[in-house]
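First up is the structure itself, then whatever we jot down about it.
Chain naming here is simple, since letters A, B, ... match the order of the sequence lines and numbering starts at 1 in each.
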2 protein chains.
Amino acid sequence: MTVLSKSCIYGVQAAIYLASLPKSEYVSIQEVAGKLNISFHFLTKVLQILTQAGIMISYRGPNGGIALARPSSSVSLADIIGAIDGTEVFTECLLGLPGCGHADPCPAHEQWTSMRNRLYHICKTTTLEELATKASELNVRLAAHPLVQHFTPKE
Amino acid sequence: MTVLSKSCIYGVQAAIYLASLPKSEYVSIQEVAGKLNISFHFLTKVLQILTQAGIMISYRGPNGGIALARPSSSVSLADIIGAIDGTEVFTECLLGLPGCGHADPCPAHEQWTSMRNRLYHICKTTTLEELATKASELNVRLAAHPLVQHFTPKE
DNA sequence: AACATTTAATACTAAAGAGTACGAAATACG
DNA sequence: CGTATTTCGTACTCTTTAGTATTAAATGTT
Ligand code: SF4
Ligand code: SF4
């Protein structure tokens, strides 16, 4: 059980990748998928969601691709998560009970809502720009695994 | 995408239910499932995990059932989550990258690890006793839905 | 106009999670 | 001993998520 779905993680990674590029031209999904070591076709579906949500724009044909629709400083982590996974993470409960609230709380209410609010605050105030800056500053990884295809194991 | 699996939520609910009972005798799974409005068979599987993990003890035969193996004050929320869902929630990342750490961080590292640690701390220090006390004090709900079977809808 | 490139859209397959069913084993009780 | 009760263990089905494949639509280049 994870906090974010795979689709959502891929979307965030792709967005950070785009934001970390020097200039914002259209980048082919193929390039992004290759750099992040994600299945091209699967990433295509995820990025379709983000374009439909107005977070990215796409352009078909040669030299086409995708790009951020807005400056990276005005796209929050919460925007991307909300578009792909929905706001469930920020609104639902640790114990997953539907329609929770102060009027009808379960025993873990106080501590969880406090955490949940903090999570939302963090995601809402963390921008793609920040993430991308940190990524290039720290020479930090984005993809799940460094490609190890050079070291083909013997067996 | 949720933080805890359904199985885990059911396990926590059942544990709180047991802990909130005045005395600790064996309670049949059927009773627990009925009170919490959970499928009996499914809950059986979940509670098997908890007995194998040493958190509950079971007894077969008439008047058998399950009970907490330890006093509710020495069972933490983290114990139950760890037994059912594993420690993934506390160790893995928001972005789900495997093998993360200070040596090889992704851009969201700092803020996420801070949150993750807080989650772990909360779960580790919250005991069943506290949850059960709160549950009975506040007359708080445990089950997902109040049973509405009395009001059978016309259509 | 023909062609190559690249996203859009849909459909299909695989894997995991959630839930159901049923028989076996243990135990109390008559 | 026989039977009812209750957990244990396995196997099966259904649903959701993840991943793959294929075709269609758009657009630049020759
Ligand atoms: S802990 Fe609070 S937010 Fe979560 S289900 Fe219970 S009442 Fe709702
Ligand atoms: S945010 Fe930190 S803990 Fe999470 S994957 Fe990145 S490096 Fe690991």
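- Within a 6.0 Å radius of CD in B/Glu31, more than 12 heavy atoms belonging to other residues, nucleotides or ligands are found.
- Taking atom CD1 on B/Ile49 and atom C1' on C/dG17, their separation rounds to 12 Å, with Å as the unit.
- The phosphate of C/dA18 (OP1 or OP2) has no side-chain N or O of B/Tyr10 nearer than 4.0 angstrom.
- The side-chain contact (heavy atoms from CB on, under 4.5 Å) check on A/Ser114 picks up B/Arg118, with sequence neighbours excluded.
- When rounded to the nearest whole Å, the span between CD of A/Gln52 and P of C/dA8 equals 8 Å.
- The shortest side-chain heavy-atom distance between B/Leu50 and B/Ile66 does not fall under the 4.5 Å cut-off.
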Please produce a list of atom pairs where a protein N or O lies less than 3.5 Å from an N or O of nucleotides 10-16 of chain C.
none

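- The stretch residues 14-33 of chain B participates, sequence neighbours left out, in these ring pair (Phe, Tyr, Trp, His ring centres under 6.0 Å) pairs: B/Tyr26-B/Tyr59.
- For the salt bridge (Lys or Arg N to Asp or Glu O under 4.0 Å) test, no residue two or more places apart in sequence or in another chain qualifies with A/Lys35.
- Among the atoms of the strands shown, none is found under 4.0 Å from any heavy atom of B/Glu31.
- Pairs passing the ring pair (Phe, Tyr, Trp, His ring centres under 6.0 Å) check and including a residue from residues 28-53 of chain A, sequence neighbours excluded, read A/Tyr10-A/Phe42.
- The interatomic distance linking B/Gln30 (CD) with C/dT20 (P) rounds to 14 Å, in whole Å.
- Between A/Gly65 and A/Met1, the residue anchored closer to the 5' end of DNA chain C is A/Gly65, taking for each the nucleotide with the nearest heavy atom.
- For the OP1/OP2 pair of C/dT20 and a distance below 4.0 Å, the side-chain nitrogens and oxygens of B/Ser39 include at least one atom meeting the criterion.
- For B/Thr113, the side-chain contact (heavy atoms from CB on, under 4.5 Å) partners at least two apart in sequence or on another chain are B/His109, B/Arg116.
- Screening residues 60-82 of chain A for side chain to side chain donor-acceptor pair (under 3.5 Å) gives A/Ser76-A/Asp79 as the qualifying pairs, with residues at least two apart or on separate chains.
- Contacts of A/Lys45 classified as salt bridge (Lys or Arg N to Asp or Glu O under 4.0 Å), with partners at least two apart in sequence or in another chain: none.
- Comparing B/Val27 and A/Ser5 against DNA chain D, the residue whose closest nucleotide sits nearer the 5' end is B/Val27.
- Of the residues in residues 77-87 of chain A, not one places a heavy atom less than 4.0 Å from an atom of DNA chain D.
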Using residues 2-9 of chain A as the side-chain source, report each donor-acceptor pair under 3.5 Å to any protein atom, sequence neighbours left out, with the distance given to one decimal.
| unit_1 | atom_1 | unit_2 | atom_2 | d |
| --- | --- | --- | --- | --- |
| A/Thr2 | OG1 | A/Leu4 | O | 2.8 |
| A/Ser5 | OG | A/Cys8 | N | 3.2 |
| A/Ser5 | OG | A/Asp85 | OD1 | 2.6 |
| A/Ser5 | OG | A/Asp85 | OD2 | 3.3 |

**Protein-to-nucleotide contact annotation, 5' to 3' order, nucleotides 22-30 of chain C [B base; S sugar-phosphate only; - none; under 4.0 Å, heavy atom]** = B--BBBBS-
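- Among the heavy atoms of the strands lying under 4.0 Å from B/Ile29 are primed sugar atoms or P, OP1, OP2 only; no base atom is included.
- For A/Leu43 and C/dA8, the CG to P distance is 11 Å, given to the nearest whole Å.
- Of the possible polar contacts, none joining the A/Gln111 side chain to the A/Ala108 backbone as a donor-acceptor pair under 3.5 Å is found.
- Of the possible donor and acceptor atoms, one in the side chain of B/Thr51 sits under 3.5 Å from a partner among the backbone N and O of B/Gln48.
- Formation of a donor-acceptor pair under 3.5 Å by the A/Thr87 side chain with backbone atoms of A/Phe90 is not found in this model.
- Using a 4.5 Å heavy-atom cutoff, the side chains of A/Thr133 and A/Glu129 are in contact.
- Going from atom CG of B/Leu47 over to atom P of C/dG19 covers 14 Å, rounded to whole Å.
- Read 5' to 3', the first and last nucleotides of DNA chain D with an atom closer than 4.0 Å to a heavy atom of chain B are D/dA4 to D/dA11.
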